[in-house]
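One structure is given below, encoded as structure tokens.
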Amino acid sequence: MASFFKKTILVTGGAGFVGSHLCDALHEVGHEVLCLDNFFTGSKSNIRHLLGSERFELIRHDVNMPMSFEVDEIYHLACPASPYYYQIDPVQTVKTNVQGMINVLELARRLGARVVHASTSEVYGDPAVHPQIEEYRGNVNVLSPRACYDEGKRCAETICWDYRRQYNVDVRVARIFNTYGPRMAFDDGRVVSNFIVQALRGRDITIFGDGTQTRSFQYVSDLIAGLTALMEVKDFYGPVNIGNPEEYTILNYAKKILGLIGSTSQIKFLPLPADDPKQRRPDISLAKLKLNWQPTVPVIEGMKKTVDYFKGILNDQPSIVFNNRKMPMPRLGSFNGHPSPKDIL
Ligand code: NAD
Ligand code: UDP
């Protein structure tokens, strides 16, 4: 049996959708996990089951403030990922991407800790190269309401390479494509949770634009396997695409969800928000080659698990409470062409 070295691992954004699954995976193999979150979009309910463990700690903290912990590894996920929420407070989103990244890398520099940074397919913007390869430099509108996230994440990547070149910090970058699964907040505002909750509640399925834009959806356990593989691999730092290349138009994806749930919801077309990317699909050749990684969960299987999760949430909470989060939200109306989840779910 291979020997196991117990590590102390910090997960920023650990109470969020992806972060909570990562905390589970690291805790399950025996590591000590420090979960740091400011609960902007995350929730204690995502990690409540870990709170009794000796090897788990929850720290309420904003990554934009300096940090001081003794850890061996850091997964840096803190940042809202839903366009609705990252555009509500764009200055905070930029800060989290830039100042938060610097604080994480300063901590890593002091400790000699290894870092995996959660970057995004959004660094490719509205891509002119399809599928997206890591060498593609992207097509991003610096003036867009999405730029706090897109450009913020691009700058975060720049900071990673500068800390590597200048201070020799061992930082690795994953470019994550659309990921879904249990523990997405039901009012997160992203397409998967919106469509499933709408279909389960018999509400209209809201398609932004004509639904011909495409996305490729990866189940969360595949992403966790990709992130941990990137942390463990020798002599490879990325950037590397982590996503499922199975591509859907948003209209076809809506129909797939309606069919799976057997819902009678109607499809309703709403205006397309500004700079919404027209197509997105990862080329994952590099991840296959360097990480020996590829997605293994078929879309239909992942969707069934996600639908079951949301059924459970809606059963427990039939009259749903919006913005049931710890952090006060400045505004909750429609935003930059993104309708409020409260109005469409
Ligand atoms: P999420 O919104 O569910 O989780 C983000 C977590 O970060 C939340 O718990 C939130 O409260 C926390 N957070 C936000 N700002 C913070 C701050 N300043 N200090 C401390 N905590 C803060 O989103 P997610 O889908 O779990 O995404 C996790 C990471 O993966 C993000 O960095 C996101 O950009 C990246 N990513 C996700 C996807 C996806 O499809 N899920 C795709 C590309 C990239
Ligand atoms: N979308 C939609 N209806 C919704 C939510 C999103 O048609 O209720 C579209 C959105 O315009 C985009 C795609 O679905 O084209 C994916 O949106 P999401 O917010 O999940 O993530 P993005 O990939 O845009 O960051």
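Along the sequence shown, the residues carry numbers beginning at 1. Just so you know, ligand 1 is whichever comes first in the structure, and atom 1 is the first atom listed for that ligand. Fair warning: this is a prediction, and the values are worked out from it, not measured in the lab.
- Side-chain contact between L286 and F236: present, with at least one pair of heavy atoms (C-beta onward) separated by less than 4.5 Å.
- Heavy-atom separations between F195 and ligand 2 include at least one value shorter than 4.0 Å.
- Atom numbering of ligand 1 starts at 1 in the shown order; those under 4.0 Å from a heavy atom of V18 are 24 (P), 25 (O), 26 (O), 41 (N).
- Geometrically, ligand 1 and T179 share a nitrogen or oxygen pair separated by less than 3.5 Å.
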Take R110 and E70 through the salt bridge (charged side-chain N to carboxylate O under 4.0 Å, His left out) test and state the conclusion after the steps.
CA-CA 10 Å; R110 183 171 69 74; E70 301 301 317; 3.7 Å; yes
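- Residue contacts with ligand 2: F208 is placed with a nitrogen or oxygen under 3.5 Å of a nitrogen or oxygen of the ligand (distance criterion only).
- Both the backbone and the side chain of T41 come within 4.0 Å of ligand 1, counting heavy atoms alone.
- Residue contacts with ligand 1: Y85 is excluded, as none of its non-hydrogen atoms falls under 4.0 Å.
- The shortest N/O to N/O separation between Q213 and ligand 2 falls below 3.5 Å.
- For ligand 1, the polar-atom distance check against R190 finds a nitrogen or oxygen pair separated by under 3.5 Å.
- Ligand 2 does not have Q198 within reach: every non-hydrogen atom of the residue lies 4.0 Å or more from it.
- Taking only nitrogen or oxygen atoms, main chain and side chain alike, D62 reaches within less than 3.5 Å of ligand 1.
- Heavy-atom distances between H338 and ligand 2 stay at or above 4.0 Å for every pair.
- Atom 5 (C) of ligand 1 has its nearest heavy-atom neighbour, among G181, G16, C79, in C79.
- Contact check for D150 versus S144: no side-chain heavy atoms found under the 4.5 Å cut-off.
- Checked by atom type and distance alone, the side chain of D72 pairs as donor or acceptor with a backbone atom of T8 at under 3.5 Å.
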